[in-house]
Amino acid sequence: MSETFDKFCSDVRTKINDADKRLNDLRASARSAGQKAKDDAKAHLAALETKAKEDQAKLEASEAKVKAWALQKKAITADKIAEWKAERQVRKLNDRADDAESYAVAAMQIAVAEVDEAETAAIEAVVARIDADAVQSPAKSKAG
């Protein structure tokens, strides 16, 4: 695999781990801090939404690459690849490998966007839970 691809894989793992840590921290904060946790969650949510808008063009380009790869994959048969190998057509094999790596990176970029979307959904859920708990808490104390 190319260094670019390896670095991208590492970046994806880091992004997922960072998102998981932020969500765990936010949940812990939401249990104890009330309004501050809600404000922090909303600020983080706004940042994620801004980033999603900024990354929309990249996401669309990645989706186009994935579709192009699927069409190319159908066109290049196993027999054709075997023929290239037998004829030692290194350029065609390298082009195919480069295209496959580009496809993999594009697919991972789509996955990263999905991780961001999942993180956004989780934060929205935390904010909704904070709102629900805030309304229930006074009712519990009045009843008790």
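Since this is a predicted model, take the numbers as computed values, not measurements.
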Output, in order, the C-alpha distance, side-chain angles, deciding distance and verdict of side chain to side chain contact (heavy atoms under 4.5 Å, CB included) for Lys53 and Thr50.
CA-CA 5 Å; Lys53 287 177 187 172; Thr50 298; 5.9 Å; no

Look up atom [atom1] in [X] and atom [atom2] in [Y], then write down how far apart they are to the nearest 0.5 Å.
| X | Y | atom1 | atom2 | answer |
| --- | --- | --- | --- | --- |
| Leu59 | Glu63 | CG | CD | 4.0 Å |
| Lys73 | Asp99 | NZ | CG | 13.0 Å |
| Asp95 | Arg91 | CG | CZ | 5.0 Å |
| Ile81 | Arg96 | CD1 | CZ | 3.0 Å |
| Gln72 | Ser102 | CD | OG | 9.5 Å |
| Glu119 | Leu45 | CD | CG | 9.5 Å |

So for atom NZ, which belongs to Lys15, do other residues, nucleotides or ligands contribute more than 12 heavy atoms lying within a distance under 6.0 Å?
yes

Under 6.0 Å from the CD atom of Glu49, do we count more than 12 heavy atoms belonging to anything else shown?
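Atom CD in Glu49 is crowded, with more than 12 foreign heavy atoms closer than 6.0 Å.
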
Return yes if some donor-acceptor pair links the side-chain N/O of Asp20 with the main-chain N/O of Ile16 below 3.5 Å, else return no.
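Checked: no pair found.
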
Stepwise side chain to side chain contact (heavy atoms under 4.5 Å, CB included) check, Ile76 with Trp84
CA-CA 11 Å; Ile76 300 175; Trp84 292 346; 3.9 Å; yes

Under 4.5 Å between any side-chain heavy atoms of Asn24 and Lys21, yes or no?
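In short, these two side chains do not touch, never coming nearer than 4.5 Å.
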
Consider only side-chain heavy atoms of I, L, V, M, F, W and Y, link residues closer than 4.5 Å, and tell whether Ile110 and Leu48 are in one cluster.
no

Test: Asp55 and Lys58 ion pair at under 4.0 Å:
yes

Nearest heavy atoms of Val127 and Lys42, plus distance in Å:
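Scanning both residues completely, I find the closest heavy atoms to be CG1-CE, 3.9 Å.
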
Val66 to Ala107 - nearest heavy-atom pair and separation
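Closest approach of Val66 to Ala107: CG2-N, 3.9 Å.
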
